[in-house]
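Right, one structure below, let's go through it.
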Amino acid sequence: MDYKLKPEHYINRELSWLAFNGRVLEEAQDKGNPLFERLKFLAIFSSNLDEFFMVRVAGVMTMADVKGTSLAKDVSGLTPPQQLAKISASAQSLVASQYAAYKVIVKGLKEQGIEFVSMKNLAASELGKVERFFSNELFPILTPMAIDAGRPFPFLSNCTLNMIIELADENTGKIRNAVVQVPDVVPRVYELEDNLRYVLLEDIIKHFAHRLFTGNRVISAVCFRITRNSDLDIDEEDAPDLLNEIERSVKKRKRGEPVRFEIEKNAKDKQLGYLQKTFKLDDNDVYEIAGPLDLKFLMGFYFQYGSAWPALRNFAFQPFTKPVLAGWDAPEAVFGAIRQADIILHHPYESFDPVINFVKAAAADPNVLAIKQTLYRVSGKSPIVAALMQAAENGKQVTVLIELKARFDEENNIQWAKKLEMAGCHVVYGLVGYKTHSKMCLVVRKEDDEIRRYIHLGTGNYNDSTARIYTDLGYFTCRESFAGDVSSLFNVLTGYSGHNKYNKLITAPTFLRRQFIDMIEQEAKNAAAGLPSGIIAKMNSLVDPEIIAALYRASQAGVQVKLIVRGICCLRPGVIGISENIEVSSIVDRYLEHSRIYAFKNAGEDRIYVSSADWMQRNFDRRVEIAFPIEDDGLKGRIMNILNLSLADNVKRRVLQPDGTYVRAKKRGDEVWSQILFHEES
């Protein structure tokens, strides 16, 4: 049966993302999680929501304002104004739930002896300590900004925490307003007593605000915050220097148009109206907050103070290093192990150190002639970048493709690009109009009378920090069929070689969507012929309409489709006659599920691909991506175990319903907690 996608069978992308962030919030609400872990999830929820407004909501608002697009419907049948209304209703509800959870968690911390206190509840000795802190450290960096005819409302940067203060002149009684920015160069939480009592920075400023405005009486002080459009507008075709163009655009990010206004719930109507008018935002864009604004500060609190309360945090697992990888501090041990057999690493259960040591060994080994590597997001003190610079200084040919357009990592990547160039690396920025999202490292080594190429491919970034908290797969091989493909793809990225089909790799933007659709359609043909069929796919997001339509056709042909989609899923499963053979799961747990795995039954001869790409239009059309096959039977079995154990999870797995909601997987029999079991298996 043929199928054409209909709006009622497609879940709106933005609403699906909000549902995902709701699952993040559930982890903060879950009483089974330790209190400090619940605080961390509140911070993650806030960070996610900030980026969502800065990029996704900003884009929908732009479409709503542009003539010709304001009435255009998305695949789910919603116009931009309709999307904005639904986004606001969902986000308002989620934020209210977030602050209800915050109050519950803070109460739980107080029962453990950890207390966030208000200024009015300080003991005399504590008040004296805070007053000295204000006078000596805080007062010198605060800048009161009056608002009057000569001093108009100040420009406020994106996502900064500010305070509007209503004042009365002590002589004339005249009412005036002023703004004070809560400085982000000082920790948001001030410690009153060792790991026991804390006060928030904004409460200290409110208490002593009168010292900033001598001759005036402070009537009220209310915190507020503006979120701005932060999507970069870069003209790559006409930019003479992409690095300089991105540097210029990043600076403009702080000055984008307002898209969200948050203010404390106790604000006066007059203040609220004045600020809303100033920022030119509708009622739907205003969020009145029943608690401290911007709960991202809880992440800093978690890392700074959580170690003093180990019972209130998750037990810290140590990543495992296989014996075959333990000696990877010597080049011959590294390259000898890869020659013996292909290697799969499952991070963070298995250490990321072998990946770092692979690059370090290549940098130090006199037999290595060249290194080529892609970098998308790297850590602030990246050992991999340090190794690449050392390799160049050791006289090796080092080529690094660093993606300058990695959203919100642009500044970090620009700095690394400059340092790599200074060290003698050849740095390129990829193809005009595309982000290079593939994860590849190629090492060219002279061995006896031949040249051998070693490669690492992965689903995650070459980032030693995120490798501790993201689940990803890494693959080492020296198979010439793979290495030749990677070499050819680097030639495409650095030179003028055209996009070609490869022996092993499938690449975007040219072939990846079509190849995946072909594999899905083959499963449908197998089912129709009575041959073994089935699809299990794990990814971050499923959005692409063509892929979704192909999955619906496969379902109608009788193919059992099991999808593990952590975040956005626009496919609607379980619709009779359309998708009753499709099940969608989402796992949100202590680690961010990030690996992409695509498995096809293929008439009994399993085909398994690991990829850097999700099933989204941007991955297929606007990014350089790779998918590569796993051919070793032992490694295939290991990857199928990852998929099957994820599908069996009955602790952290949620199941998508036809109406777009998610429910916890039913517990039948023993508890199956996939992330814990992966640690135990490592």
Side-chain angles (χ1 to χ4, degrees), residues 54-56 58-59 62-63 229-253 256 370-378 385 388 397-422 425-442 457 461-462 485-502 505-515 543-544 546 611-627:
M54 287 189 284
V55 179
R56 297 302 308 176
T62 299
M63 287 191 292
N229 183 339
S230 298
D231 209 10
L232 297 187
D233 182 17
I234 301 169
D235 185 356
E236 293 184 57
E237 292 285 354
D238 296 328
D241 186 320
L242 183 60
L243 188 145
N244 289 336
E245 178 69 12
I246 291 175
E247 280 187 306
R248 182 190 63 79
S249 296
V250 167
K251 291 176 182 177
K252 289 172 60 180
R253 173 176 280 158
I371 305 171
K372 299 183 181 184
Q373 182 152 12
T374 59
L375 296 176
Y376 191 75
R377 300 187 196 275
V378 293
V385 175
L388 292 170
Q397 295 291 317
V398 180
T399 302
V400 183
L401 191 150
I402 188 161
E403 181 50 71
L404 297 181
K405 302 184 296 294
R407 183 174 287 140
F408 301 117
D409 276 274
E410 299 94 347
E411 291 179 275
N412 188 47
N413 286 2
I414 286 168
Q415 294 306 312
W416 280 127
K418 292 177 178 178
K419 290 178 180 179
L420 285 162
E421 286 180 332
M422 288 292 291
C425 301
H426 179 53
V427 179
V428 294
Y429 307 134
L431 302 177
V432 172
Y434 299 94
K435 286 185 180 180
T436 301
H437 192 246
S438 52
K439 327 295 182 184
M440 308 182 294
C441 182
L442 169 70
L457 305 174
N461 298 306
Y462 290 105
D485 282 0
V486 173
S487 232
S488 297
L489 182 52
F490 269 112
N491 289 341
V492 172
L493 296 172
T494 62
Y496 285 118
S497 295
H499 287 278
N500 298 307
K501 282 198 171 183
Y502 300 99
L505 300 186
I506 310 173
T507 61
T510 312
F511 303 109
L512 196 56
R513 179 192 282 112
R514 185 65 257 169
Q515 290 287 100
V543 177
D544 188 74
E546 292 182 54
S611 182
S612 59
D614 293 308
W615 281 348
M616 303 178 73
Q617 294 99 318
R618 71 183 188 188
N619 300 91
F620 291 135
D621 301 327
R622 301 188 296 278
R623 293 186 174 188
V624 178
E625 303 274 15
I626 60 169

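Sequential numbering from 1 along the given sequence is applied to the chain's residues. What you see is a predicted model; the values in this text were computed from it and never measured.
- Here the straight-line distance linking atom CZ of Phe511 with atom CD1 of Ile506 works out to 10.5 Å at 0.5 Å rounding.
- Taken to the nearest 0.5 Å, the CD atom of Glu625 stands 12.0 Å off from the OG1 atom of Thr510.
- Of all heavy-atom pairs spanning Asn619 and Asp614, the tightest one is CB-O, 3.3 Å.
- Between Ile414 and Leu404 the shortest side-chain heavy-atom distance falls below 4.5 Å.
- Of the possible donor and acceptor atoms, one in the side chain of Thr374 sits under 3.5 Å from a partner among the backbone N and O of Ser438.
- Nearest heavy atoms, Asn413 versus Tyr376: ND2-O, 2.8 Å.
- With sequence neighbours left out, the side-chain hydrogen bond (donor to acceptor under 3.5 Å, both in side chains) criterion links Asn461 to Lys439.
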- request: Please report the C-alpha distance between Asn229 and Thr62 in whole Å, then the side-chain angles of each, then the deciding distance to 0.1 Å, and finally whether the side chain to side chain contact (heavy atoms under 4.5 Å, CB included) criterion is met.
  value: CA-CA 9 Å; Asn229 183 339; Thr62 299; 4.1 Å; yes

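- Looking only at distances, no side-chain donor or acceptor of Asn412 sits under 3.5 Å from a matching main-chain atom of Arg377.
- Counting heavy atoms from C-beta on, the side chains of Thr507 and Val624 never come closer than 4.5 Å.
- You'll find the side chain of Trp416 reaches within 4.5 Å of the side chain of Val378, heavy atoms only.
- In this structure, Ser611 contributes its side chain and Ile626 its backbone to a donor-acceptor pair below 3.5 Å.
- Put simply, the side chain of Asp485 gets close to the backbone of Leu505: a donor and an acceptor are under 3.5 Å apart.
- Tyr429 is listed as a side-chain neighbour of Ile402, based on a closest heavy-atom distance under 4.5 Å.
- Between the side chain of Asp544 and the main chain of Trp615, no donor-acceptor pair closer than 3.5 Å is present.
- Minimum interatomic distance between Leu431 and Thr436 (heavy atoms only, all atoms of both residues): N-OG1, 4.5 Å.
- In this structure, CE in Met422 is found 11.0 Å from NZ in Lys418, a value given to the nearest 0.5 Å.
- Heavy atoms only, all atoms of each residue included: Cys441 and Tyr462 are closest at N-OH, 3.3 Å.
- Listed for the Thr399 side chain is no donor-acceptor partner under 3.5 Å among the backbone atoms of Lys372.
- Distance CZ/Phe490 to CD/Gln373: 7.0 Å, rounded to 0.5 Å.
- Put simply, the side chain of Leu493 reaches to within 4.5 Å of the side chain of Met440, judged on heavy atoms.
- Here the side chain of His437 pairs a donor or acceptor atom with the backbone of Ser612 at under 3.5 angstrom.
- Within a 6.0 Å sphere centred on CD of Gln515, heavy atoms belonging to other residues, nucleotides or ligands number more than 12.
- Residues Arg513 and Gln617 come closest through the heavy atom pair NH2-CA, 4.0 Å.
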